[in-house]
Amino acid sequence: MWPFALALDLQRGGLEPCNNITKRHLSDMRGMYIDEVATEEAIAQGDPLLYEVNQYDVPFETGQLLVVTTIIQPGRVGDEYYMTKGHFHEREDRAEVYVGLRGQGYLLAETAGGEFEALPVEPGTLTYIPPYWAHRMANVGQEEFIFFGVYPADAGHNYGDIEKRGFAKVLVERDGQPTLLPNPRYGVR
Ligand code: F6R
Ligand code: ZN
């Protein structure tokens, strides 16, 4: 392999060139928002695009790094802000860095042992996600929330554990403010 350069659009989150684009709609996240009625209504009304992931794939080998941008649309399902699915890494001892590029968001992170952290992210905020911490981002602003990430190419993704139990806390709007509440459905999916 040779060194290479990509164009990272700091305003719009594009990577150019880009060889792996994933779009997630609400129907891809059934069961992840607490308000199931609002989920089904929004799916019936057009199944909104919640976020797009632009990744530049290199061989998924130990030693390589993957670079990626995520663009989360503004909006809520019920009171709960649009967010990523969230995952542990399949190789749980792999860390990750996220850097906020545009908009206002939150990192939610937790361990299998029950530790939980929530950190506000704005343009220029660098968050470090240590090994063994599941991670999710949510958009709490009025515009797109865009962040850049870099992580080991052999990390892989374990979505199943989060699909089964969710995160310990949910991020909802209360009196116009992002508010963390205990997840009423934690562990009971
Ligand atoms: C990679 C990573 C991010 C997310 C992306 C979408 O390990 O953490 O690139 O993959 O922000 O979130 P998920 O994968 O949870 O749908
Ligand atoms: Zn990750």
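What's counted below: heavy atoms across the whole structure, side chains too, no hydrogens, waters or symmetry copies. Everything quoted here is computed from the prediction, not taken from an experiment. As the structure lists them, so they are numbered: ligands from 1, and atoms in each ligand from 1.
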Which ligand 1 atoms does [X] reach within 4.0 Å, using its non-hydrogen atoms?
X: Val53; value: 6 (C)
X: Tyr151; value: 1 (C), 7 (O)
X: His89; value: 7 (O)
X: Tyr159; value: 13 (P), 14 (O), 15 (O), 16 (O)
X: Thr70; value: 5 (C), 11 (O)
X: Phe147; value: 11 (O)
X: His135; value: 8 (O)
X: Lys85; value: 15 (O), 16 (O)

Asp47 side chain to Leu26 backbone, donor-acceptor under 3.5 Å: yes
N/O donor-acceptor pair under 3.5 Å between Asp154 side chain and Phe60 backbone: no
Candidate pair Val68 and Val150, rule side chain to side chain contact (heavy atoms under 4.5 Å, CB included), full reasoning: CA-CA 6 Å; Val68 57; Val150 58; over 6 Å; no
Which residue owns the protein heavy atom closest to [atom], what's the atom, and how far is it?
atom: atom 2 (C) of ligand 1; result: Glu96 OE2, 2.9 Å
atom: atom 10 (O) of ligand 1; result: His87 CE1, 3.6 Å
atom: atom 16 (O) of ligand 1; result: Tyr51 OH, 2.6 Å
atom: atom 3 (C) of ligand 1; result: Tyr98 OH, 3.5 Å
atom: atom 9 (O) of ligand 1; result: Val68 CG1, 3.4 Å

Is [Y] paired with [X] through a side-chain N to carboxylate O contact shorter than 4.0 Å?
X: Arg30; Y: Glu40; answer: yes
X: Glu36; Y: Arg185; answer: yes
X: Lys85; Y: Glu163; answer: yes

Metal check, the Zn ion (ligand 2) vs His89 N/O/S, cut-off below 2.8 Å: yes
Given Phe147, Phe148, Tyr128, the one that forms side chain to side chain contact (heavy atoms under 4.5 Å, CB included) with Tyr98: Phe147
For ligand 1, the portion of Met137 having any non-hydrogen atom under 4.0 Å away: neither
Proximity to ligand 1 by part of Arg24, non-hydrogen separation under 4.0 Å: side chain
Member of Lys169, Arg165, Arg136 meeting the salt bridge (charged side-chain N to carboxylate O under 4.0 Å, His left out) criterion with Glu110: Arg165
Over all atoms of both residues, closest heavy-atom pair of Val58 and Ala153: CG2-CB, 4.4 Å
Angle subtended at the Zn ion (ligand 2) by NE2 of His135 and NE2 of His87, nearest 10°: 90°
Glu61, CD: over 12 other non-hydrogen atoms inside 6.0 angstrom: yes
Tyr51-His25 aromatic ring centre distance below 6.0 Å: no
Centroid-centroid distance, Tyr106 to Tyr81, less than 6.0 Å: no
Short N or O distance, Gln55 and ligand 1, threshold 3.5 Å exclusive: no
Geometric N/O contact Gly86 with ligand 1, under 3.5 angstrom: yes
Shortest reach to atom 12 (O) of ligand 1 by a heavy atom, considering only Thr84, Thr22, Asp28: Thr84
Considering only N, O or S atoms of Glu96, the one closest to the Zn ion (ligand 2): OE1
Parallel, tilted or perpendicular: ring planes of Phe4 versus Tyr56, cut at 30 and 60 degrees: tilted
